[in-house]
Amino acid sequence: MTVEHPGAEAAEQAAAMLTAVGMPRMPARVMMALAGSPDEGYTAADLADRLGVSAAAVSGAVRYLVSMRLIHRLSRPGDRRDRYDLAEDSWSGMITANAPLYGTLAASLDRIADENPEAPASAARAHEIADFLRYLAERMPRLAAEWRAGRDEAEVPEAPGSGAGGEGAPGG
C-alpha cells in the first residue's frame, strides 16, 4: 500500500534542483521531505519509508544536515526515537554564517590574481570574482536581516477588524 505524502512530487523536484547546484542528493531529498513533514517531524524510519531508501542512507543525510544546522532533532517525552524537522531560520542563518567565508575567498582570489601578472585576462577574472564575493559578504547578512525584520513585522497580530490578512514573509 502506497502512503501519499504532502508535496512529495514537489519535494523531489526541489531536491533535484538542490542537487543540481551541488548539494548531495540524499541530504537534499531528506531536507525537502522534512519541508512536508507533519508538525511533530519525521523519525529516521519515517524518512526512509517516505523516500524508499535504507535507514543507513537517511542516517548519513541526517548527520550531514544536522552538522549544517539545516535540520534539528526533536525529542518527545516517552519516545526513544529521535524525530527531525527543519530548523527555524535555517537558510538565512546558514547564509549569514557563511558570509565571512566569502570575504576569505575574495582575499584568496585577489592573491591568486596578484601572483599571476603574466596572465592579465585570468587575473581580471579572479579579481571580478573576488569583487562579487566581497559584495555577497557585505549584502547577504543585510538581506537576511531585512528579511527577518519583514517576516517579524508580518507576524505581529493585527487588531481585530483591521481587515488586513496575509501570512508569511514579505513577498510570499
Side-chain angles (χ1 to χ4, degrees), residues 5-44 46-47 50-51 58 61-77 82-111 125-172:
H5 297 283
E9 185 177 336
E12 288 297 327
Q13 290 170 350
M17 286 185 254
L18 290 172
T19 300
V21 296
M23 185 176 210
R25 183 173 184 262
M26 191 52 58
R29 291 186 70 209
V30 166
M31 189 168 70
M32 290 299 102
L34 288 170
S37 72
D39 286 347
E40 66 271 10
Y42 278 137
T43 65
D46 294 334
L47 286 164
R50 175 175 172 149
L51 299 172
V58 169
V62 161
R63 218 175 12 261
Y64 175 86
L65 293 168
V66 167
S67 75
M68 298 290 293
R69 293 185 294 207
L70 292 170
I71 69 171
H72 62 114
R73 285 181 178 83
L74 305 170
S75 54
R76 293 178 11 182
D82 285 332
R83 292 182 150 316
Y84 301 94
D85 203 356
L86 294 176
E88 294 291 323
D89 209 21
S90 57
W91 284 87
S92 61
M94 179 181 64
I95 286 171
T96 302
N98 283 330
L101 174 67
Y102 301 139
T104 303
L105 282 171
S108 293
L109 281 158
D110 281 334
R111 251 184 50 226
R125 283 191 301 273
H127 279 305
E128 183 177 356
I129 294 167
D131 289 344
F132 179 69
L133 290 170
R134 273 189 288 281
Y135 176 80
L136 287 179
E138 176 199 339
R139 288 292 298 148
M140 293 309 268
R142 289 186 3 214
L143 287 172
E146 290 169 17
W147 178 80
R148 284 186 198 106
R151 177 199 61 196
D152 294 346
E153 186 178 295
E155 289 177 355
V156 173
E158 303 209 13
S162 68
E167 298 177 3

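Throughout, residue positions are numbered sequentially from 1 according to the sequence presented.
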Which heavy atom of [X] sits nearest to which heavy atom of [Y], and what is that distance?
X	Y	result
Ala28	Leu18	CB-CB, 3.9 Å
Leu109	Ala130	CB-CB, 4.0 Å
Asp39	Asp85	O-OD2, 3.9 Å
Ala14	Met32	CB-SD, 3.4 Å
Tyr64	Ser67	O-OG, 2.7 Å
Leu65	Met31	CD1-N, 3.8 Å

Show me the donor-acceptor pairs, under 3.5 Å and distance only, between side chains in residues 132-145 and residues at least two apart or in other chains.
| residue | atom | partner | partner atom | Å |
| --- | --- | --- | --- | --- |
| Arg134 | NH1 | Asp110 | OD2 | 2.7 |
| Arg134 | NH2 | Asp110 | OD2 | 3.2 |
| Arg134 | NH2 | Asp131 | OD1 | 2.7 |
| Glu138 | OE2 | Arg142 | NH1 | 2.5 |

For a 4.5 angstrom cut-off between non-hydrogen side-chain atoms, does Tyr84 reach His72?
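No, too far: nothing below the 4.5 Å cut-off.
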Selection residues 14-34 - residue pairs positive for side-chain hydrogen bond (donor to acceptor under 3.5 Å, both in side chains), sequence neighbours left out
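Passing the test, one end in residues 14-34: Glu12-Arg29.
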About how many Å separate CG of Leu47 and OG of Ser37, when rounded to the nearest 0.5 Å?
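Between atom OG of Ser37 and atom CG of Leu47 there are 8.0 Å.
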Within this structure, what is the CD-CG distance for the pair Glu40 and Asp46, rounded to the nearest 0.5 Å?
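Those atoms lie 8.5 Å apart.
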Let me check something: any side-chain donor-acceptor pairs from residues 91-100 under 3.5 Å, sequence neighbours excluded? List them with distances.
| residue | atom | partner | partner atom | Å |
| --- | --- | --- | --- | --- |
| Ser92 | OG | Asp89 | OD1 | 2.3 |
| Ser92 | OG | Arg148 | NH2 | 3.3 |
| Thr96 | OG1 | Ser92 | O | 2.8 |
| Asn98 | ND2 | Met94 | O | 3.2 |

